[in-house]
Amino acid sequence: MTTIFSDLKKDLLDPDTIQKHLLPWYDANQRTLPWRALPGREPNPYHVWLSEIMLQQTTVPTVIPYFLNFIRLWPTVQDLSHASLDDILHAWQGLGYYARARNLFKCAQEITTRYEGIFPDMESTLLTLPGIGPYTAAAIAAIAFGKNTSPVDGNIERVLSRVYAIKVPLPGSKPLLQALARHHTPLHRAGDYAQALMDLGSRICTPKKPICISCPLRRFCRALEKGDPENYPLREASSLKPTRFLDAFWIEDGSNFLLLEKRPLSGLLGGLVMVPIPLLNKNETNPFFKEGSSPLKGLVSHTFTHFHLKVRVLKARAARGNFSLLENQFWHPLSDLSDQALPTLMKKIVRHVT
DNA sequence: TTCCAGCAGC
DNA sequence: GCTGCTGGAA
């Protein structure tokens, strides 16, 4: 920590400067969120964990309906641990990063069997559970159990980068930001402190057009002093994504059944249901003949973490009797697609065809 | 149409 | 250090 601070040391703010201004602001301005305990009430660790896993990948407004649906279907972590993976993936569909739904399930099972349904309250124990990494372990320990830990999410990175006008670009500045967050974490109310920084980041210290005039930290924000808070945090130049072109096979039998396949559990869109797209995973071979199929006009575009995808849809009709299904394939009524766990790519293809 | 945020697993 | 998805903003 001393080395990280070395060239910043004389510029460090008092350890408690930030929280002294931040906590009163939080008490007056905190967001009401379905997983957040009302002031003076005990947080529900199951709710905190579930929301943090969902929030790992998307924003609060997107998460809220998924979260409410999950706790309606599975009110406790034991209920979730007794669900089926297919039901969980179905409820998760559209959220993306489907490996996280599998880890959610594994984690619920471990909590139920190894911890008798009680969430561990130690950061180091939480860190051993599936799907819980450094950020989530610290967040649960602080928010659900009031432990003195310092979770650093994207909001907190942005706020601290601005307050200190950090010149090192992300992600290289992460250790420094972690150390700064640690430096300012109060002994009491560490969870409120973390949530206050997150709320500040989402409501005031926004990526674009921050509302500095309303910020409780404006008096000692160095980026504001320099006049360019929006330029922080600095980022390494990102590399360009390649574009891949693939064919999807929309194959119907004579009676409105569609050929679907369940994708392998690991890898892209794992465990979700799609029409066949040969070569979407590496090493996949193409078992389909393009003869007898007609390409639809236009392409379906979708972007994954590391590449753009443009899909041509080939439509064909097959007699069920002389079509031999692969192990992971099945015929499914077109009218009942909604009972399957479909990724957004598949929904775009459905829209394109129908 | 393109860009971007968001964190864990391997 | 590479892989994994989506919605919303620009």
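Chain naming here is simple, since letters A, B, ... match the order of the sequence lines and numbering starts at 1 in each.
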Report task. Round to a whole Å and report the spacing from CG of Leu265(A) to C1' of dT3(C). Result -> 17 Å

**Report entry** Per Asn155(A) side chain, nearest of listed nucleotides dG7(C), dG6(B), dC5(C)
**Finding:** dG6(B)

Report task. Send over the distance from Met274(A) CE to dC5(C) P, rounded to a whole Å. Result -> 11 Å

Requested in this report: Mind calculating the distance between NE2 (His302(A)) and P (dT2(B)) to the nearest angstrom?
Outcome: 15 Å

Query raised in the report: Using a cut-off of 4.0 Å on non-hydrogen atoms, how would the nucleic acid contact of Pro207(A) be classed: base, sugar-phosphate, or nothing?
Result: nothing

Query raised in the report: Ignoring hydrogens and angles, does a donor from either the side chain of Thr344(A) or the base of dC5(C) sit under 3.5 Å from an acceptor on the other?
Result: no

Query raised in the report: Can you tell which of dG9(B), dG6(B), dC5(C) lies closest to the side chain of Asn103(A)?
Result: dG9(B)

Report summary line: In whole angstroms, the gap separating P of dC3(B) from NZ of Lys208(A) amounts to 12 Å

Report summary line: Side-chain atoms of Thr62(A) come closest, of dA8(B), dG6(B), dG7(C), to dG7(C)

Requested in this report: Kindly state which residues belonging to residues 133-145 of chain A come within less than 4.0 angstrom of DNA chain C, counting heavy atoms of the residue only, listed by number.
Outcome: none

Report task. May I ask you to check whether His302(A) and Phe304(A) place their ring centers less than 6.0 Å from one another? Result -> yes

Side chains of residues 137-145 of chain A: which donor-acceptor partners sit under 3.5 Å, not counting sequence neighbours?
none

Query raised in the report: Between His184(A) and Tyr164(A), how do the two ring planes meet: parallel, tilted or perpendicular, split at 30° and 60°?
Result: tilted

Query raised in the report: Rounded to the nearest Å, what distance is computed from the CZ atom of residue Arg263(A) to the C1' atom of nucleotide dC5(C)?
Result: 13 Å

Query raised in the report: Would you say Ile111(A) and Trp49(A) make side-chain contact, with heavy atoms under 4.5 Å?
Result: no

Report task. Nearest whole angstrom, please: distance from the P of dG9(B) to the CG of Leu129(A). Result -> 10 Å

Query raised in the report: For Arg182(A) and Asn148(A), does a side-chain donor sit closer than 3.5 Å to a side-chain acceptor?
Result: yes

Query raised in the report: Among dG6(B), dC7(B), dC5(C), which is the nearest nucleotide to the side chain of Arg100(A)?
Result: dC7(B)

Query raised in the report: To the nearest angstrom, how far is Lys209(A) atom NZ from dA10(C) atom C1'?
Result: 11 Å

Query raised in the report: What's the closest nucleotide to the Arg235(A) side chain, out of dG4(C), dA5(B), dA8(B)?
Result: dA5(B)

Requested in this report: Output yes when a side-chain donor or acceptor of Arg31(A) lies under 3.5 Å from a complementary backbone atom of Ser202(A), and no otherwise.
Outcome: no

Query raised in the report: Taking the six-membered ring for Trp, does His306(A) stack with dC2(C) (centroid gap under 5.5 Å, planes within less than 30°)?
Result: no

Query raised in the report: Do the side chains of Leu299(A) and Leu309(A) join up, straight or via other hydrophobic residues, at under 4.5 Å, putting them in one cluster?
Result: no

**Report entry** Options dC5(C), dC7(B), dG6(B), nucleotide nearest the side-chain atoms of Phe304(A)
**Finding:** dC5(C)

Query - Nucleotide dA5(B), atom C1' - distance to CG of Leu95(A) in whole Å - result: 15 Å

Query - Whether Tyr46(A) and Phe119(A) hold their rings parallel, tilted or perpendicular, with breakpoints at 30° and 60° - result: tilted

Query raised in the report: Pick the nucleotide of DNA chain B nearest each of His308(A) and Pro130(A); which residue has the one closer to the 5' end?
Result: His308(A)

